[in-house]
Colleague: 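I have a structure I would like to understand better, so I am pasting it below and will then ask my questions one at a time.
All values below were derived from every heavy atom in this structure, side-chain atoms included, with hydrogens, water molecules and symmetry-related copies excluded. Just so we're clear, the structure is a prediction, and the values are computed from it rather than from any experiment.
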Amino acid sequence: MAQHKSAAKRARQSVKKNAINTARKSRVRTGEKTLLKAIKEKDTKAIQTLLSNYTSQMMKAAQKGVFSKSAAARKISRLSAQIRSEEHT
């Protein structure tokens with residue numbers, strides 16, 4: 001238990017921030033799974049909107065520090081490449 005007023009406040013903030021970050025990470029992962037499912041089913045209409053939504057959510061999470069910016073860019077790049085390769089086959 002925190003002994004100082006400021007430490008107690010910081011503990012409360014940490015709990016709140018942890019919940020927000022967990023929800024944000026979960027939302028990104030769900031978006032990724034949905035996008036991968038659409039790629040597998042070759043649903044071209046859904047893929048474009050899902051990729052746009054996923055990119056937006058992932059970069060927002062990276063800006064907030066949930067993911068590193070390089071990890072976000074890497075995941076987006078790999079998914080985009082996967083979509084491009086599926087279009088040509």
Side-chain angles (χ1 to χ4, degrees):
M1 192 63 202
Q3 299 298 315
H4 294 279
K5 205 173 183 181
S6 60
K9 181 178 180 181
R10 198 70 189 129
R12 288 194 309 271
Q13 288 175 334
S14 291
V15 169
K16 192 188 267 187
K17 202 63 168 164
N18 182 263
I20 291 167
N21 286 344
T22 302
R24 194 171 271 135
K25 188 179 277 193
S26 175
R27 206 173 305 123
V28 168
R29 286 180 176 160
T30 302
E32 185 177 3
K33 288 175 192 171
T34 309
L35 180 58
L36 287 170
K37 187 177 178 186
I39 292 169
K40 189 176 180 184
E41 294 172 356
K42 299 182 193 256
D43 186 0
T44 52
K45 289 182 181 177
I47 287 173
Q48 293 306 315
T49 57
L50 289 170
L51 180 63
S52 176
N53 290 341
Y54 174 74
T55 302
S56 175
Q57 288 176 350
M58 182 56 119
M59 291 314 292
K60 178 92 169 183
Q63 286 175 341
K64 300 292 182 182
V66 178
F67 295 99
S68 73
K69 288 182 182 176
S70 59
R74 183 177 64 244
K75 285 178 178 255
I76 291 167
S77 175
R78 287 180 181 170
L79 282 169
S80 297
Q82 192 174 351
I83 291 167
R84 280 193 305 276
S85 70
E86 290 293 323
E87 288 175 354
H88 296 295
T89 57

Colleague: How many angstroms lie between NZ in K64 and CZ in R24, if you round to the nearest 0.5 Å?
Modeller: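 The NZ atom of K64 sits 6.0 Å away from the CZ atom of R24.
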Colleague: Which residues satisfy the side chain to side chain contact (heavy atoms under 4.5 Å, CB included) test with K25, sequence neighbours excluded?
Modeller: R29, V66, F67
Colleague: Report the C-alpha distance between M59 and I76 in whole Å, list the side-chain angles of each, state the deciding distance to 0.1 Å, and finish with yes or no for side chain to side chain contact (heavy atoms under 4.5 Å, CB included).
Modeller: CA-CA 9 Å; M59 291 314 292; I76 291 167; 3.7 Å; yes
Colleague: Please report the closest heavy-atom contact between K69 and Q63, naming both atoms and the distance.
Modeller: CE-CA, 4.5 Å
Colleague: I'd like to check the side chain to side chain donor-acceptor pair (under 3.5 Å) partners of S68; sequence neighbours left out, ordered by chain and number.
Modeller: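 S68 satisfies side chain to side chain donor-acceptor pair (under 3.5 Å) with S70 only.
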Colleague: Can you give me the closest heavy-atom contact between Q57 and R27, atom names plus distance?
Modeller: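 Looking at all heavy atoms of both residues, the shortest contact is OE1-O, 3.5 Å.
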Colleague: Rounded to the nearest 0.5 Å, what's the gap from CD1 on I83 to CD on Q48? Could you check?
Modeller: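 Answer rounded to 0.5 Å: 6.5 Å.
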Colleague: Compare every heavy atom of A38 with every heavy atom of L50, then report the nearest pair and how far apart it is.
Modeller: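 Residues L50 and A38, closest heavy atoms: CD1-CB, 3.7 Å.
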Colleague: Got L36 and K40 here, is their nearest side-chain heavy-atom distance under 4.5 Å?
Modeller: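 Heavy-atom side-chain distance check fails, nothing below 4.5 Å.
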Colleague: Under 3.5 Å, is there a donor-acceptor pair between the side chain of S26 and the main chain of T22?
Modeller: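 Not a single qualifying donor-acceptor pair exists.
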Colleague: Looking at OG1 of T44 and CD1 of I39, how far apart are the two atoms once the value is rounded to the nearest 0.5 Å?
Modeller: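 With rounding to 0.5 Å, OG1 (T44) is 12.0 Å from CD1 (I39).
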Colleague: Would a distance-only check, ignoring hydrogens and angles, find a side-chain to backbone donor-acceptor pair under 3.5 Å from T55 to L51?
Modeller: yes
Colleague: Measure the shortest side-chain to side-chain distance between L35 and N53 over non-hydrogen atoms and say whether it is less than 4.5 angstrom.
Modeller: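 Not in contact.
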Colleague: Taking all atoms of both residues into account, what is the closest heavy-atom pair of V28 and Y54, and its distance?
Modeller: O-CE1, 3.6 Å
Colleague: May I have all residue pairs that pass side-chain hydrogen bond (donor to acceptor under 3.5 Å, both in side chains) and include part of residues 9-21, sequence neighbours excluded?
Modeller: R10-Q13
